[in-house]
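A short write-up of the structure that comes next.
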Amino acid sequence: MTATTTARTVPAADQRRAPKRRTPMWLVLLFLAPASALLGALVLYPIGFSIWRSLFNSTGTSFVGLDNYARMFTDPSTFTALRNNVIWVLVAPLTVTVLGLIFAVLTERVRWGTAFKLMVFMPMAISFLAAGIIFRVVYDQDPDRGVANAIVTSVHDIFSSQGSYPDTRPRDAEFLVGSDTAGYTSADPVEPGTTIALPMLGVDAGLLPEEPVTALEPEAAEPGTISGTVWFDFTRGGGGEPGQIDDSESALPGMLVQAVVDGEVVGEATSDDDGRFVIEGVDSAATITLPASNFSAPFRGVSWLGPGLVTPAIIVAYVWMWAGFAMVLIGAGLAAISRDALEAARIDGANEWQVFRYITVPLLAPVLTVVLVTMIINVLKIFDLVYIIAPGSSAQAANVLAVEMWSVSFGGGQDFGMGSALGVFLFLLVLPAMIFNIRRFRQEQR
Amino acid sequence: MTVVTGGPAADPVPPGEEEPRRLPPVRRPGAASRVQSFLGRGIVSTVLAIIALFWMLPTIGLFIASLRTPQANSTSGWWNALLEPAQLTIDNYRNLLSNDGMVNAFFNTVWITVPSTLLVVILAALAAHAFAWMDFPGRDWLFIGVVALLVVPVQVALIPVAGLFGDLGIFGSRLSVILFHVAFGLPFAVFLLRNFFAAIPKELLEAARMDGAGEARIFFSVILPLGLPAIASLGIFQFLWVWNDMLIALVFADSRSAPLTVALQSQARQFGSNIDILATGAFLSLIVPLIVFFSFQRYFEQGVLAGSVK
């Protein structure tokens, strides 16, 4: 809520002379009284009352001095909130401002800049609640439902063709020994030029490709190679011979098979869709290994709203909402910069980056400061977004001061002493911004 | 993307800069630089298009999710509906509109937002007129007080005002929510309008005074009509702020007078199973601000420029 230098409002004092006569007091009161009464009763008096109330216990029956404030810094719950507020203030305003600056500069260079501005600015018109619901959907853990994890798992799958078969084990437990956490290794080395069969059991049918491919007999191994087939040695409805590739038995694609000599991997291959693989470059007898990575659970995306990532994830949602605000303010600042200064620098041979760094940014400094200060005030009071996005299991990890203030006093805590102390603390945190506003206002009036 | 505009490159180049280019004395961009500039614009355009897509994706996703059955939403992502448009249905909206609680909450939102906006505009216009055009002792100091109140967080007032409203017997009603919104909307409103009113040419007021117009006449027939753009900005801002609020209503409104935001947040506790109500309700709650935003975009931007948000 700070005024900006880009505003088209005009500083008042020098624009008009003082009216010749004093306005009668009753008239002044008539115009000022309604607003003053509300501000006095619902803003000013409450500030004083909160300061006084914060020195009492939860029910207000006994005076406890500064105990509530001391508790604020020692209680783990409020301390997490405090720490998260610090993270918010350090990360969110700067990210919003930098993105806003980049967008504002770039939109000046395309014809559809106005349309772009509209799209990025739009989230500012909607509520934190709606934005919170929007991002709960985006961050859904299940990659089949949440678009964030859908993107992350697709990108992951592009870079990793390896399949994953938890609980799958070799049929021949004497040839391949081990476990699904350690991987399986052949008991005896295999000579190059050998063809091996790797029948597997215990495959979760849900992890097979939607239309399983029937496994094929391995290609005959050439010298210096080891070839084979990995398949699910199980015929639906019974029948089939153990260890033989029967007609309808599915291949296991994406199984990583390694040839190891003296503890070093000399060759590896991943089975094809038909289950066949060929390991090349094997010069001497090697042990065959199916590394544990084959048997780990499949990659299901990132736990965005888990305790570890929940705060950054909510900050992303916040940036989504407010980057447009910064862009519009900075864009107006840009429009006010004289084209001559930029042109002069260009004629002097400065490249676009230098023009941006040494001309545009310094000229924008006042606007950037205003955006940064506005964002800091805004972020200190962040409530709805955290309250809505953080699921119950990460609510504690995502806590911030405004949410803590609500929950200790209204959300079931009933501790109005602590609630008042947190309110007063938030008030103290915005005091520097208040002083900044007053000073800037008085400068503008001069 | 430099566009060379010609002219002798005689001036010394800033340190770290390449050799001064020998430029032809023509004041027209050369073909090479025009191609370069075109390519540069192409890259910028592509980058911005990707950003715009990412920015729109979450909202589009919510909208499509609101048009799918709960079963479809629980088994697959909204993007599947792009391949199978047959999944789309307006059943969720039909259910929502036949849900008395949600419809009631929607009208609560309207009955909280409209009076709050009107009251803020009226009270702030009166006070702003006094600050801009009346002369009384302590005026400038009082206005600095208004500037100081711009950033006061609502948290510092929630507990005392809840007590006060309790004593007055209005705690839980829509009136309590409205009064709190008006009080906390006033500093920004007075600040915005006073700056705008003060910039109205003094001669217009003096002419009116000459004609014997009293203070009330001047306010209604000079200041208000001329201040309309600022009043529109303020009105839109206040409207959006109150419409979108959740915290204040969460504290002061009981279940009968709770607006849409509060009704929806209680459903969000069981997020997964309520996605049909949540997506639809969220869309219902954001469609009004979006309409306001797109219709009055210019005023909204002016409001942002004239004094950013709380």
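Atoms considered below: every heavy atom in the structure, side chains included; atoms not considered: hydrogens, waters and symmetry mates. The sequence lines fix the lettering, A, B, ..., with proteins before strands; numbering per chain opens at 1.
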If you round to the nearest 0.5 Å, how far is [atom2] of [Y] from [atom1] of [X]?
X        : Y        : atom1 : atom2 : answer
B/Thr261 : A/Asp384 : OG1   : CG    : 8.0 Å
A/Leu401 : A/Leu429 : CG    : CG    : 7.0 Å
A/Gln141 : A/Asn149 : CD    : CG    : 5.5 Å
B/Asn73  : B/Ile275 : CG    : CD1   : 6.0 Å

Looking at [options], which one has more heavy-atom pairs under 4.5 Å with chain B than the rest?
options                               : value
A/Val424, A/Leu27, A/Val138           : A/Leu27
A/Tyr387, A/Tyr358, A/Tyr45           : A/Tyr387
A/Val371, A/Leu118, A/Ile47, A/Ile102 : A/Leu118
A/Asp142, A/Ile435, A/Val120          : A/Val120
A/Phe49, A/Phe103, A/Phe425, A/Phe121 : A/Phe121
A/Phe116, A/Phe128, A/Phe427          : A/Phe116

- Message: Check this for me: A/Trp112, atom CH2, are more than 12 non-hydrogen atoms of other residues, nucleotides or ligands nearer than 6.0 Å?
- Response: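 Yes, enclosed.
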
Below 4.5 Å from any heavy atom of chain B, which atoms of [X] appear? Answer side chain, backbone, both or neither.
X        : result
A/Phe383 : side chain
A/Met119 : both
A/Ser420 : both
A/Trp320 : both
A/Leu99  : side chain
A/Ile126 : both
A/Pro123 : side chain

If you count heavy-atom pairs within less than 4.5 Å of chain A, which of [options] leads?
options                                : value
B/Ala65, B/Gly281, B/Ala282            : B/Ala282
B/Pro58, B/Ala130, B/Ala127            : B/Pro58
B/Phe136, B/Phe165, B/Phe294           : B/Phe136
B/Val47, B/Leu240, B/Val251            : B/Val251
B/Leu290, B/Val146, B/Val288, B/Ile122 : B/Leu290
B/Pro289, B/Ala157, B/Ala148           : B/Ala148

Side chain, backbone, both or neither of [X] within contact of chain A (heavy atoms, under 4.5 Å):
X        : value
B/Leu247 : both
B/Ala124 : neither
B/Phe197 : neither
B/Ile287 : neither
B/Leu126 : both
B/Ile159 : both
B/Leu142 : side chain
B/Phe143 : side chain

Name the orientation class of the two ring planes belonging to [X] and [Y] (parallel below 30°, tilted from 30 to 60°, perpendicular beyond 60°).
X        : Y        : answer
B/Phe237 : B/Phe188 : tilted
A/Tyr139 : A/Phe135 : tilted
B/Phe283 : B/Phe63  : tilted

- Quick one: do B/Thr280 and B/Leu284 satisfy side-chain contact (heavy atoms from CB on, under 4.5 Å)? Show the steps, please. CA-CA 6 Å; B/Thr280 328; B/Leu284 190 69; over 6 Å; no

- Do you see a donor-acceptor pair shorter than 3.5 Å between the side chains of B/Ser285 and B/Trp243? no

- Task: With the side chain counted from C-beta on, respond yes when B/Ile248 and B/Phe184 share a heavy-atom pair under 4.5 Å apart, and no when they do not.
- Result: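 Not touching, per the 4.5 Å side-chain cut-off.
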
- Verify whether the ring centers belonging to B/Phe219 and A/Phe31 lie closer than 6.0 Å. yes

- side-chain contact (heavy atoms from CB on, under 4.5 Å) assessment of A/Lys117 paired with A/Met327: CA-CA 8 Å; A/Lys117 277 188 176 167; A/Met327 177 188 67; 3.6 Å; yes

- Message: What I want to find out is whether A/Arg439 reaches A/Glu444 closely enough, with some N-O distance under 4.0 Å, to be called a salt bridge.
- Response: no

- SB check B/Arg209 B/Glu203 (cutoff 4.0 Å): no

- side-chain contact (heavy atoms from CB on, under 4.5 Å) assessment of B/Met134 paired with B/His129: CA-CA 7 Å; B/Met134 291 179 177; B/His129 179 77; 3.9 Å; yes

